[in-house]
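Worksheet: one structure, shown below.
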There are 2 protein chains.
Amino acid sequence: MSSERPDISPLTLNRLSVYLRCLKLLEVEGIERISSQELADRFGLSSSQIRKDLAQFGDFGVRGVGYQTSPLAERLESLLNLDVQHRLIVVGMGNLGSALARYLGFNDRSFQIVAGVDSAPERIGRKIGSVSVMPFDDLETVVTESQADIGVIAVPQEAAQAAYDRLVATGIRAILNFAPAVLDEVDGVSLKNVDMRIHLEELSFFL
Amino acid sequence: MSSERPDISPLTLNRLSVYLRCLKLLEVEGIERISSQELADRFGLSSSQIRKDLAQFGDFGVRGVGYQTSPLAERLESLLNLDVQHRLIVVGMGNLGSALARYLGFNDRSFQIVAGVDSAPERIGRKIGSVSVMPFDDLETVVTESQADIGVIAVPQEAAQAAYDRLVATGIRAILNFAPAVLDEVDGVSLKNVDMRIHLEELSFFL
DNA sequence: AGATGTGAATGAGTTCACAGCT
DNA sequence: AGCTGTGAACTCATTCACATCT
């Protein structure tokens with residue numbers, strides 16, 4: 001059916017993203033080549049884990065030498081699909097949503113905010129950063145016209161499931177959820193939850 | 001030295017927070033008693049995991065009966081230290097920081113925003129939600145006077161380590177970091193990273 | 001009967017340690 | 001000599017399955 005993605009654990013995927021960030025920092029410093037050991041030391045990672053993670057996707061390194069910073073960064077970017085620009089639509093333009101609209105995809109090559117919707121009449125038409133707030137009811141049209149491919153949920157808990165379902169109905173296949181809700185997921189749609197309350201509660205535990 | 005916390009895996013800790021949220025929802029529905037199976041079905045969890053997680057902290061359930069919603073919620077709240085109110089200070093009152101100041105701890109029993117600091121002179125003195133922005137340079141004083149016990153980092157990547165170090169120097173022992181940076185951690189300080197870029201990159205991978 | 005609490009079995013993820021390439 | 005790529009060992013986490021209690 002859909003084209004096959006290599007089978008990769010979420011934890012590894014997370015780390016690839018981290019490695020990419022580290023490599024970018026090294027590029028800025030002008031470092032062209034680095035060993036897994038050195039990379040691990042610098043950023044508090046594990047060298048064998050770096051090697052194992054990277055080896056999954058081809059022989060990026062050269063024995064006796066290490067990894068070439070820029071080519072590896074490029075391979076990771078393309079593996080993570082970051083060479084295509086993604087278009088975000090934010091559902092819920094309250095405090096958090098507006099801030100995300102201004103913050104996410106700001107000054108960024110891979111992610112760009114293309115639309116924002118809200119159901120509160122008083123917010124509709126407002127201009128937040130580069131987008132104007134459109135009515136939630138027009139979600140389908142807004143998604144189609146803006147060609148958004150990632151949905152961002154920034155509505156209150158009780159509205160989160162509806163926002164999710166509506167986004168999925170528009171054909172969106174990747175969703176970042178900031179609402180503190182356990183969503184009923186649809187197959188074939190990637191979902192990442194950013195749950196600040198859970199994080200705060202974890203911190204609270206250690207206090 | 002410091003009093004001993006029961007040894008608990010981060011994954012379990014995460015789930016306790018989830019269980020607590022589910023129980024709260026059940027309380028609202030007026031459900032006073034629930035089995036691990038029913039709880040699992042409702043919220044897409046695993047019943048044996050629920051039992052194992054909960055059993056670590058005492059016999060919360062009754063065989064043949066299940067768990068009492070409210071008492072269990074209370075036990076979890078006290079286990080997670082949520083019966084004390086925590087006081088958050090936000091470092092970096094730009095777009096994201098301001099939104100967090102308005103969003104986090106809003107209408108919440110356990111978390112309250114008590115202060116915000118920034119290093120940009122033009123932001124100082126502004127009133128965001130219930131707090132006024134104070135100078136970053138006065139961090140020590142602000143933390144002391146506001147009695148903040150959790151720090152929230154919402155500065156750009158390059159300023160994140162400095163913000164972290166300064167927070168730690170004030171005596172803060174729990175930090176929530178929104179900057180896309182791999183921080184050099186200090187022992188004895190709890191740190192949770194909320195890295196939206198990593199989340200977006202993960203979603204991108206599946207598109 | 002019904003649902004917990006838990007050892008035992010399985011599975012996932014990480015680290016070790018070294019063979020093999022440059 | 002140096003550093004990757006990788007099987008094998010180990011550690012951590014989840015699921016199974018059932019004895020145990022109400």
Side-chain angles (χ1 to χ4, degrees), chain A residues 5-20 22-23 26 31-76 79 182 185 198 202 205, chain B residues 5-20 22-23 26 31-73 75-76 79 182 198 202 205:
Chain A
R5 284 266 121 207
D7 207 4
I8 177 180
S9 99
L11 291 161
T12 304
L13 187 50
N14 235 284
R15 286 192 299 264
L16 291 183
S17 204
V18 172
Y19 301 156
L20 176 57
C22 297
L23 291 167
L26 293 172
I31 292 165
E32 293 173 3
R33 187 163 37 74
I34 193 162
S35 70
S36 58
Q37 187 57 64
E38 168 83 9
L39 188 57
D41 290 347
R42 283 213 185 205
F43 299 101
L45 311 168
S46 136
S47 65
S48 57
Q49 191 157 62
I50 292 171
R51 294 200 299 280
K52 191 147 259 182
D53 285 339
L54 295 178
Q56 278 184 65
F57 307 100
D59 295 9
F60 290 146
V62 180
R63 288 167 203 242
V65 177
Y67 300 88
Q68 297 294 122
T69 318
S70 298
L72 179 55
E74 266 171 47
R75 298 287 302 270
L76 289 181
L79 186 70
V182 185
E185 291 189 46
I198 290 181
E202 284 183 73
F205 174 78
Chain B
R5 285 265 122 206
D7 208 4
I8 176 181
S9 98
L11 290 161
T12 303
L13 187 50
N14 235 284
R15 286 193 299 265
L16 291 183
S17 203
V18 172
Y19 301 155
L20 176 57
C22 297
L23 290 167
L26 293 172
I31 293 165
E32 293 174 5
R33 186 163 38 74
I34 192 162
S35 71
S36 57
Q37 187 57 62
E38 169 83 8
L39 188 57
D41 290 347
R42 283 212 183 206
F43 299 100
L45 311 168
S46 139
S47 65
S48 57
Q49 191 156 66
I50 292 170
R51 295 200 298 281
K52 192 146 261 189
D53 285 340
L54 295 179
Q56 277 184 67
F57 307 99
D59 294 9
F60 290 145
V62 180
R63 289 165 203 243
V65 177
Y67 299 88
Q68 297 294 121
T69 317
S70 298
L72 179 53
R75 297 290 301 267
L76 289 181
L79 187 68
V182 184
I198 289 182
E202 282 182 75
F205 173 79

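Per chain, numbering begins at 1; letters A, B, ... match sequence-line order. Only a predicted model underlies this, so the values are computations on that prediction, with no experimental measurement involved.
- As rounded to whole Å, 16 Å separates atom P of dC3(D) from atom CG of Leu54(A).
- Atom CD1 of Ile50(A) is separated from atom C1' of dT6(D) by 16 Å (rounded to the nearest Å).
- Residues Leu76(A) and Leu20(A) share a closest heavy-atom pair of CD1-N, 4.0 Å.
- Here the P atom of nucleotide dT4(D) and the CZ atom of Arg75(A) are 16 Å apart, to the nearest Å.
- Nucleic acid contact for Ser36(B): sugar-phosphate only, since backbone atoms but no base atoms lie under 4.0 Å from a heavy atom of the residue.
- For the pair Gln68(A) CD and dC3(D) P, the computed distance is 13 Å after rounding to whole Å.
- Counting all heavy atoms, side chain and backbone alike, Cys22(A) lies closest to Leu45(A) at SG-CD1, 4.4 Å.
- A straight line from CD of Gln37(A) to P of dG2(D) spans 13 Å, rounded to a whole angstrom.
- Here Ser47(B) lies out of heavy-atom contact (under 4.0 Å) with every strand.
- Residues passing the side chain to side chain donor-acceptor pair (under 3.5 Å) test with Glu202(A), sequence neighbours excluded: Asn14(B), Lys192(B).
- Atom CZ of Phe57(A) and atom C1' of dT6(D) are 15 Å apart (whole Å).
- Looking at heavy atoms from C-beta onward, Leu26(A) lies in side-chain contact with Arg42(A) at the 4.5 angstrom threshold.
- Within a 6.0 Å sphere centred on CD of Glu185(A), other residues, nucleotides and ligands contribute more than 12 heavy atoms.
- When DNA chain C is scanned in the 5' to 3' direction for atoms under 4.0 Å from non-hydrogen atoms of chain A, the outermost contacting nucleotides are dG13(C) to dT22(C).
- Minimum interatomic distance between Ile50(A) and Ala40(A) (heavy atoms only, all atoms of both residues): CD1-N, 3.9 Å.
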Grab the N/O contacts between the protein and nucleotides 8-13 of chain D below 3.5 Å, and write none if there aren't any.
from   : atom 1 : to       : atom 2 : distance (Å)
dA8(D) : N6     : Lys52(A) : NZ     : 3.3

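- Between Arg51(A) atom CZ and dG2(D) atom C1' the separation is 12 Å, expressed in whole Å.
- Put simply, the side chain of Leu13(B) does not reach to within 4.5 Å of the side chain of Ser17(B), judged on heavy atoms.
- Here salt bridge (Lys or Arg N to Asp or Glu O under 4.0 Å) pairs that include residues 47-68 of chain A, with residues two or more places apart or in two chains, are Arg15(A)-Asp53(A).
- Counting heavy atoms from C-beta outward, Leu72(A) and Tyr19(A) have side chains that stay 4.5 Å or more apart.
- Contact of the Ile8(A) side chain with the Phe57(A) side chain is registered, since non-hydrogen atoms from C-beta on lie closer than 4.5 Å.
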Tabulated below should be each protein N or O lying under 3.5 Å from an N or O of nucleotides 20-22 of chain D; please produce it.
from    : atom 1 : to       : atom 2 : distance (Å)
dT20(D) : O2     : Arg63(B) : NH1    : 2.8

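- Between the P atom of dG2(D) and the CD1 atom of Ile34(A) lies a distance of 17 Å, rounded to the nearest Å.
- Pairs engaging residues 67-76 of chain A under the side chain to side chain donor-acceptor pair (under 3.5 Å) rule: Glu27(A)-Ser70(A) [sequence neighbours left out].
- At dT14(D), none of the side-chain N or O atoms of Ser48(B) fall inside 4.0 Å of OP1 or OP2 (strictly under the cut-off).
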